[in-house]
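Below is one structure; the comments refer to it alone.
Quick note: numbers below take in every heavy atom, side chains included, and nothing from hydrogens, waters or symmetry partners.
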Amino acid sequence: MCGIVGIVGKSNVNQALYDALTVLQHRGQDAAGIVTSHDGRLFLRKDNGLVRDVFQQRHMQRLVGHMGIGHVRYPTAGSSSSAEAQPFYVNSPYGITLAHNGNLTNVDQLSREIYESDLRHVNTNSDSEVLLNVFAHELAARSKLQPSEDDIFAAVTEVHERCQGGYAVVAMILGYGIVGFRDPNAIRPIVFGQRHTDEGVEYMIASESVSLDVLGFTLIRDLAPGEAVWITEGGKLYTRQCAKKPNYAPCIFEHVYLARPDSIMDGISVYKARLRMGEKLAEKILRERPDHGIDVIIPIPDTSRTAALELANHLGVKFREGFVKNRYIGRTFIMPGQAARKKSVRQKLNAIELEFRGKNVMLVDDSIVRGTTCKQIIQMAREAGAKNVYFCSAAPAVRYPNVYGIDMPSPHELIAHNRSTEEVAELIGADWLIYQDLQDLEDAVREGNPAITAFDDAVFTGRYITGDIDEAYLNKIEQARNDAAKVKTQAVSAIIDLYNN
């Protein structure tokens, strides 16, 4: 997963891009980048690290211009080399920079086509650079000195024809404007909005609506599946459907874990969806364990707090904050290597003993992926004196890898893969475990927008909506995503970065 932003303004946009990226920091803590356009030149700064670390005052002063795009990145195949920080750039045609959230599932085929047919060179292993070159090639095929909106949308249409997978994109065409587009299944999120200034109307494209809110932009709407928005440098906005067979099936895991609760995605309040997840969980517990004996509900900060609060309300059980979080430790489920994750959990959370001693405690988390984190947290609860520790997941069992832009581990590192609920409970050390039912999860999210009839739920079901995922592909990503591969890749990347610096 990554965060993207693009702004066409009436004054310098560097500070606005920076502020937007800090709001989207939860979507990527590996690398950050901003590129702006001014007087026919591009100004770029990108590197590994958090937004606040990548951009110093001297960098911001150089990022001049009324138009620009930005990106925060999590690696989607285990690499953390700064060479793959975004945005990417190609000089032909016009000079194009691109930032991308998602993953192309046919990247190998595209890479061959780019080299053999398009006669273009790709310099990294990033599928984002591949996507950029596909878009650039299709735009160049229009053979126009000055591209019109028809040319832009025609190029996006060809991207949809050639590229498979999940993707949300912002791309800046030097001297002309910014285009944003979304894959034909709408898997990855992207919104756009506007704000009025004394100089005129400014436009913004971003992964989540919260970044628009913070900067005073009014949300216009989400891009539809396969749709593109083109904003000229002069401030004219055009939209067009560019996919032949659009299908609305957004990633449901955005609502479970990835998105900020104060975002609106596809017309659905993430916060309200998580409240309803808590209601559904309470109903399931009352059905299956009416004599549950729970004394206190304790969320595992931060994503599960909303669901846990509503769960406690519906069960009539006390809600308490039993863990204090160190906010300077990043998310753990993507960290390479079990040792790194185990060390991180202990640094990340500390138990408040008086909330556990002698009580039957229900811990609530948004999901269980590897099981590393929840196992340690359950142990922490027992060490703090809990009499019994129950565990509740606001999502169903995660049994399959994500292939559309979330760097979940290989199948055999997913604790629920080929295991029953009882087996998982035993492995993590819980007295009992309860998962959200998939139908309840989908109902909780869909209630915010009944027009959405399907979701990308492959991590729970193994049904990949693009229809191009087979056993060979899953075996390939397992080799790229297992912990041993990640540790090796990070070691190589560290050497490369050391050499480059």
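- Residues I452 and P250 approach most closely at CG2-CD, 3.8 Å, considering heavy atoms.
- Between the side chains of Q479 and N475, no donor-acceptor pair is found at a separation under 3.5 Å.
- Of all heavy-atom pairs spanning L21 and G70, the tightest one is CD2-C, 3.8 Å.
- Judged by distance alone, the side chain of N106 and the main-chain N or O of R162 form a donor-acceptor pair under 3.5 Å.
- In this structure, R27 contributes its side chain and V72 its backbone to no donor-acceptor pair below 3.5 Å.
- Applying the ring pair (Phe, Tyr, Trp, His ring centres under 6.0 Å) definition to pairs two or more places apart or across chains, none involves residues 32-71.
- Applying the salt bridge (charged side-chain N to carboxylate O under 4.0 Å, His left out) definition to pairs two or more places apart or across chains, those involving residues 459-474 are D457-R463.
- Side chain of R446 to main chain of T453: a donor-acceptor pair is present (N/O by atom type, distance under 3.5 Å, no hydrogens or angles).
- Every residue two or more places apart in sequence or in another chain that forms a ring pair (Phe, Tyr, Trp, His ring centres under 6.0 Å) with Y167 is listed here: H160.
- N14 contributes a side-chain N or O that, together with a main-chain N or O of L63, makes up a donor-acceptor pair within less than 3.5 Å.
- For Y94, the ring pair (Phe, Tyr, Trp, His ring centres under 6.0 Å) criterion is met by Y176, not counting sequence neighbours.
- Listed by chain and number, the residues in a salt bridge (Lys or Arg N to Asp or Glu O under 4.0 Å) with R221 are E227 (sequence neighbours excluded).
- A donor-acceptor contact closer than 3.5 angstrom links the side chains of D151 and S148.
- Counting only N and O atoms by type, the side chains of E113 and H137 include no donor and acceptor under 3.5 Å apart.
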Return a table of donor-acceptor pairs under 3.5 angstrom between the side chains of residues 2-13 and protein atoms on other chains or two or more places apart.
from : atom 1 : to   : atom 2 : distance (Å)
K10  : NZ     : G234 : O      : 3.3
N12  : OD1    : G65  : N      : 3.0

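- Side chains of H100 and Q86: a donor-acceptor N/O pair is absent below 3.5 angstrom, by distance only.
- Side-chain contact annotation: T105 with Y464, donor-acceptor N/O pair under 3.5 Å absent.
- Contact record, A397 with A416: CB-CB, 3.8 Å, taken as the closest heavy-atom pair.
- Within 6.0 Å of the OH atom in Y271, the count of heavy atoms belonging to other residues, nucleotides or ligands does not exceed 12.
- Atom CG of N125 is surrounded by 12 or fewer heavy atoms from other residues, nucleotides or ligands within 6.0 Å.
- A 6.0 Å sphere centred on CD of Q56 holds more than 12 heavy atoms belonging to other residues, nucleotides or ligands.
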